[in-house]
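All remarks here apply to the structure that follows.
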Amino acid sequence: MGVTEQILSQIPGNPWAGLQRADELWTAIRAGKRPIPDGVKTAVTALDGVDWDVVIAGATLGVVLGTALAQRGWRVVLLERGELRGREQEWNISRKELQVLVRLGLLTEAELEGAIASQYNPARVAFHEGVELWVEDVLNIGVDPVTLLDQLKTKFLVAGGRLLEQTAFEGVTVQTNGVSIHAGGQVLTSRLLLDMMGHFSPIAAQARNGAQPDGICLVVGTCADGFTANNPKANDSGDLMASFTPIRNQCQYFWEAFPAKDGRTTYLFTYIDAAAGRQSLETLFDDYFELLPEYQDIELEQLDFKRALFGVLPCYRKSPLKPGWDRILQVGDSSGTQSPLSFGGFGALLRHLSRLVDGLDEALTVDCLDQKSLGLINGYQPTIAVTWLFQRAMRVGLEQKLGPNQVNEMLSAVFRVMEASGEKTLKPFLQDVVQFPALASTMLKTGIAAPLTVAKVLPQVGLPALLRWTGHYAGLGAYSLLSLISRGGADVELKFSPKTLFYLHRWKELLEYGAGMDYDE
Ligand SMILES: Cc1cc2nc3c(=O)[nH]c(=O)nc-3n(C[C@H](O)[C@H](O)[C@H](O)COP(=O)(O)OP(=O)(O)OC[C@H]3O[C@@H](n4cnc5c(N)ncnc54)[C@H](O)[C@@H]3O)c2cc1C
């Protein structure tokens with residue numbers, strides 16, 4: 001029996017069985033053998049009547065958006081194949097990002113405080129044989145998903161929402177005036193379907209026509225108690241991103257660590273492609289248990305493992321995903337709106353929550369539910385697109401020959417410059433927001449300070465990726481400029497029809513969010 005099986009099979013809930021299921025999925029992804037779902041059909045007929053305004057398939061983050069829409073008076077159904085219950089493991093986020101829940105009236109300040117399970121300061125960013133820096137108030141709050149989702153579930157029901165648990169989405173027919181949704185043996189009719197079924201949503205897979213992911217983040221980890229056995233202060237701070245090894249198994253390994261209510265959470269993650277020869281999650285977990293003692297200066301025998309955590313997180317260059325049909329929109333992980341670096345989907349949903357609620361509210365009010373109109377809600381965002389190259393630069397191809405410390409050297413060079421530029425540059429980046437002025441100055445200064453390190457990145461990522469990135473970089477500049485101009489346009493609104501106003505509002509938001517200018521320190 002290997003170390004991973006030995007430890008995971010002793011943790012309550014049998015995560016060992018879950019790991020094997022996740023590895024089966026990962027094997028199928030690498031083999032390119034996943035069937036393309038065909039649950040979405042279209043018909044050029046009208047429904048006799050439409051009972052609901054919005055049906056949301058997938059309730060984990062669906063309840064956040066569902067509650068906001070129900071509170072605005074829309075008739076909302078939440079479909080969940082299991083039970084609406086948050087996972088035990090905290091979501092880490094920065095405090096400012098959480099305030100939207102209070103601003104939108106979803107939670108009171110006291111309720112929000114009640115959902116915060118842990119907080120700490122400071123957090124470290126460090127790379128093998130390179131930079132080490134510390135920041136405050138970034139991803140330092142641990143939200144308890146069980147409490148948060150329970151509070152929102154109550155608010156959702158009070159606002160008149162209908163929750164259908166143990167009711168799996170099976171298929172949908174898009175008709176001229178609505179959608180008919182098959183779920184758990186019943187048919188629901190609605191004006192709009194929101195797909196919040198996560199990374200492996202069957203609707204998103206059909207919209208992407210079964211495309212292979214362009215990148216994968218493999219993550220494994222645990223939450224355990226006992227880290228303070230050798231050092232009482234060992235759990236006072238966290239790591240946002242740390243490495244202490246050179247390239248291994250054609251991967252650069254990164255670590256995260258967060259103080260948690262049940263001990264300390266530690267993750268090992270790496271960015272890779274979906275090539276057939278890539279390692280399994282179990283092999284990565286073996287490496288995690290081999291390296292954890294060195295990373296945290298502790299022996300495995302000193303730890304009491306409470307939970308095992310793991311995931312295969314796919315991402316696609318064409319993100320956010322544009323709607324494939326009228327009346328269906330992806331939101332949350334299924335939409336690809338989260339950063340391809342952090343995969344912090346809870347943080348990403350909260351960051352976009354205001355504009356999603358406003359956009360959907362207005363779309364329902366003026367009946368802009370066609371594919372093109374909904375496409376503006378999930379429109380092109382250069383701030384996400386430019387991040388792709390960063391992921392690419394941290395990835396090593398299976399056949400690629402890089403210097404053993406090349407990725408660490410590049411990251412150290414970039415973070416040294418960002419640290420010297422100050423918090424205004426560093427903090428947005430660590431919270432998944434890339435802004436044009438900060439990016440332009442960081443690139444220029446890194447090129448001057450470490451020209452040889454930068455030059456090595458070019459053959460690593462390849463010319464096509466670099467050219468694509470240059471286009472997105474120009475897009476980021478253009479969005480920034482246009483967003484500044486559009487801030488002055490509020491007075492002319494009275495002249496336009498409600499539908500034109502819907503388009504103007506969506507464009508204004510897209511420019512702001514797409515340029516990272518929604519970030520406000
Ligand atoms: C190990 C790990 C650690 C993470 N840590 C953080 C963190 O610290 N901070 C952060 O911001 N993010 C974190 N994330 C990411 C975060 O958990 C996700 O981004 C978030 O859960 C996405 O929510 P979602 O509702 O879009 O998708 P999911 O969480 O995948 O939820 C999808 C929902 O849809 C339901 N569903 C699926 N299929 C059907 C169907 N056919 N019918 C009905 N319902 C269906 C599922 O049961 C589920 O409830 C982490 C992820 C992992 C794997």
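Both ligands and their constituent atoms are indexed starting at 1 by order of listing. Please read all numbers here as calculations on a predicted model, not as lab measurements.
Residue contacts with ligand 1: E90 is placed with no nitrogen or oxygen under 3.5 Å of a nitrogen or oxygen of the ligand (distance criterion only). Of the polar atoms of G82, none of the N or O atoms is found under 3.5 Å from an N or O of ligand 1, judged by distance alone.
Aromatic ring orientation, Y295 versus F244: parallel (interplanar angle below 30°, classes split at 30° and 60°).
Ranking the protein heavy atoms by distance from atom 7 (C) of ligand 1 puts N92 N, 3.5 Å first. Looking only at protein heavy atoms, the nearest one to atom 28 (P) of ligand 1 is G198 CA, 4.2 Å. In this structure, the protein non-hydrogen atom closest to atom 16 (C) of ligand 1 is W91 NE1, 3.5 Å. Of all protein heavy atoms, the one closest to atom 47 (O) of ligand 1 is E80 OE2, 2.6 Å. Remark: minimum distance from atom 23 (O) of ligand 1 to any protein heavy atom is reached at L61 CD1, 3.2 Å. With respect to atom 48 (C) of ligand 1, the closest heavy atom belonging to the protein is T60 OG1, 3.3 Å. Nearest protein heavy-atom neighbour of atom 26 (O) of ligand 1: D333 N, 2.9 Å. Here the heavy atom of the protein found nearest to atom 34 (O) of ligand 1 is G58 CA, 3.2 Å.
Every atom of ligand 1 with a heavy atom of G347 under 4.0 Å away is listed here by number and element: 11 (O). Per-residue contacts place G332 under 4.0 angstrom from the following atoms of ligand 1 (heavy atoms of the residue considered): 26 (O). Set against the non-hydrogen atoms of F343, the atoms of ligand 1 under 4.0 Å away are 14 (N), 15 (C). Near G344, meaning under 4.0 Å from one of its heavy atoms, ligand 1 places the atoms 10 (C), 11 (O), 12 (N).
With distances taken over non-hydrogen atoms, the option nearest atom 1 (C) of ligand 1 out of F269, Y267, F346 is Y267. Comparing heavy-atom distances from atom 41 (N) of ligand 1 across F310, F200, F169 singles out F169 as nearest. Distances from atom 39 (C) of ligand 1 to the heavy atoms of R307, M197, E83 put M197 nearest. Across the listed options R87, E170, Q89, R87 owns the non-hydrogen atom lying nearest to atom 5 (N) of ligand 1.
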Taking distance alone, no hydrogens or angles, what donor-acceptor pairs closer than 3.5 Å link side-chain atoms of residues 212-220 to residues at least two apart or in another chain?
{"unit_1": "Q212", "atom_1": "NE2", "unit_2": "I29", "atom_2": "O", "d": "2.9"}
{"unit_1": "D214", "atom_1": "OD2", "unit_2": "R317", "atom_2": "N", "d": "2.7"}

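No donor-acceptor distance shorter than 3.5 angstrom exists from the side chain of R81 to the backbone of F169, with no hydrogens or angles considered.
Between H472 and Y380, a ring centre-to-centre spacing shorter than 6.0 Å is recorded.
Of the candidates L78, L84, V55, L188, L164 forms a side chain to side chain contact (heavy atoms under 4.5 Å, CB included) with just one, namely L188. Applying side chain to side chain contact (heavy atoms under 4.5 Å, CB included) to F156 and the options L106, L69, V76 leaves one that passes, V76.
Comment: D23 does not engage R21 in a salt bridge, judged by the lack of any side-chain N to carboxylate O separation of less than 4.0 angstrom. Salt bridge present: D53 and R75 bring a charged side-chain N and a carboxylate O closer than 4.0 Å. Using a 4.0 Å cut-off between charged side-chain N and carboxylate O, D358 and R72 make a salt bridge.
In this structure, the side-chain hydrogen bond (donor to acceptor under 3.5 Å, both in side chains) partners of T337, at least two apart in sequence or on a different chain, are S335.
Only backbone heavy atoms of M196 (N, CA, C or O) come within less than 4.0 Å of ligand 1; its side chain stays farther off.
Nearest heavy-atom pair across S118 and P259 is OG-O, 3.6 Å.
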